[in-house]
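Reviewing the structure listed below.
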Amino acid sequence: MPQYQYRVISAPNRGVKAKGIKSAEDRFSHALEDVMNQMAAEGWEYQRAETLPSVERSGLASTTTNWRNVLVFRKPLDEALPDPASIIMPVAVERAEPPLATPQTPEDDASQSAGASRMLSDNGVEEASEVSGMTSSLKKLAAVRKEEKSDS
């Protein structure tokens, strides 16, 4: 089964002036003909023209959809790609998980707070409420910053 390489280029959106060509339609056709002949000279076979949506920024926070006309070309690959069934996938290497630190006091155990209990019983729906209670890492950070403030 032959394998192909594809190339997609923007279709011309304006005609090109040439000797003896008067109408806008003929100029546009001439521009399209030039592009297609140039691609054919490089070995590309014309496949089809497509009109595809392109979502682009418009201003600071909004987007607009612009429709783009493209030309699709293909040519056979010089060297055949290997059959996908013959490709051997690498085996995933299992990584050792670091041991979990056991909390020394109930205050260190964030899983006992009301907010953490709600998070542990997650049903997959995003909840906008804030987590109540401070975790041990936040308590340690607050203590370090308090010490830094008192030193300065």
Side-chain angles (χ1 to χ4, degrees), residues 1-101 110-111 113-146 148-149 152:
M1 180 170 155
Q3 295 181 343
Y4 296 97
Q5 174 180 352
Y6 290 87
R7 185 157 178 203
V8 179
I9 62 171
S10 296
N13 54 7
R14 287 192 179 152
V16 175
K17 290 183 181 180
K19 189 174 184 176
I21 300 175
K22 301 288 182 193
S23 71
E25 292 86 7
D26 289 341
R27 288 180 180 162
F28 180 77
S29 297
H30 179 69
L32 191 56
E33 181 181 331
D34 281 350
V35 169
M36 293 177 79
N37 284 333
Q38 180 183 2
M39 294 298 293
E42 295 174 16
W44 294 95
E45 175 187 354
Y46 173 75
Q47 289 297 297
R48 67 183 168 274
E50 295 281 344
T51 301
L52 300 170
S54 172
V55 178
E56 299 170 1
R57 286 183 73 174
S58 174
L60 291 175
S62 62
T63 59
T64 59
T65 301
N66 292 319
W67 293 88
R68 304 286 181 196
N69 296 313
V70 295
L71 303 174
V72 180
F73 295 88
R74 76 175 184 182
K75 71 177 176 180
L77 285 174
D78 294 335
E79 58 185 60
L81 295 176
D83 180 27
S86 68
I87 297 174
I88 299 173
M89 299 300 289
V91 177
V93 178
E94 291 187 29
R95 296 181 182 165
E97 293 291 326
L100 297 175
S111 67
S113 69
S117 299
R118 282 196 312 269
M119 290 172 67
L120 290 174
S121 63
D122 184 17
N123 63 357
V125 177
E126 185 176 351
E127 187 176 330
S129 65
E130 295 188 23
V131 177
S132 62
M134 285 180 58
T135 62
S136 59
S137 58
L138 284 177
K139 288 177 184 177
K140 289 177 185 174
L141 180 61
V144 168
R145 288 190 177 168
K146 186 176 182 182
E148 289 175 355
K149 255 188 177 177
S152 42

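Because only heavy atoms are used, hydrogens play no part in the values below, and waters and symmetry mates are left out as well, while side chains stay in.
- Glu50 meets the side-chain hydrogen bond (donor to acceptor under 3.5 Å, both in side chains) test with Arg48; sequence neighbours excluded.
- Remark: Val55 engages Thr63, Thr65 in a side-chain contact (heavy atoms from CB on, under 4.5 Å) (not counting sequence neighbours).
- Remark: Arg74 engages Glu45 in a salt bridge (Lys or Arg N to Asp or Glu O under 4.0 Å) (not counting sequence neighbours).
- Leu71 has its side chain within reach of Leu32: a pair of non-hydrogen atoms, C-beta onward, lies under 4.5 Å apart.
- Contacts of Tyr4 classified as ring-ring contact (aromatic ring centres under 6.0 Å, His included), with partners at least two apart in sequence or in another chain: none.
- In this structure, the separation between CZ on Arg7 and NZ on Lys75 is 8.5 Å, given to the nearest 0.5 Å.
- Screening residues 26-35 for side-chain hydrogen bond (donor to acceptor under 3.5 Å, both in side chains) gives Ser23-Asp26, His30-Asp34 as the qualifying pairs, with residues at least two apart or on separate chains.
- Take Arg14 and apply the salt bridge (Lys or Arg N to Asp or Glu O under 4.0 Å) test, not counting sequence neighbours, and it matches no residue.
- Shown here are the side-chain hydrogen bond (donor to acceptor under 3.5 Å, both in side chains) partners of Ser10, two or more places apart in sequence or in another chain: there are none.
- For Glu56, the side-chain hydrogen bond (donor to acceptor under 3.5 Å, both in side chains) criterion is met by Ser54, Asn66, Arg68, not counting sequence neighbours.
- Of the possible polar contacts, none joining the Arg145 side chain to the Glu148 backbone as a donor-acceptor pair under 3.5 Å is found.
- Judged as a ring pair (Phe, Tyr, Trp, His ring centres under 6.0 Å), the pairs with a partner in residues 32-56 (not counting sequence neighbours) are, in order, Tyr46-Phe73.
- Residue pairs meeting the ring pair (Phe, Tyr, Trp, His ring centres under 6.0 Å) criterion with at least one partner in residues 50-69, sequence neighbours excluded, are absent.
- By the side-chain hydrogen bond (donor to acceptor under 3.5 Å, both in side chains) test, Thr51 pairs with Asn69, sequence neighbours left out.
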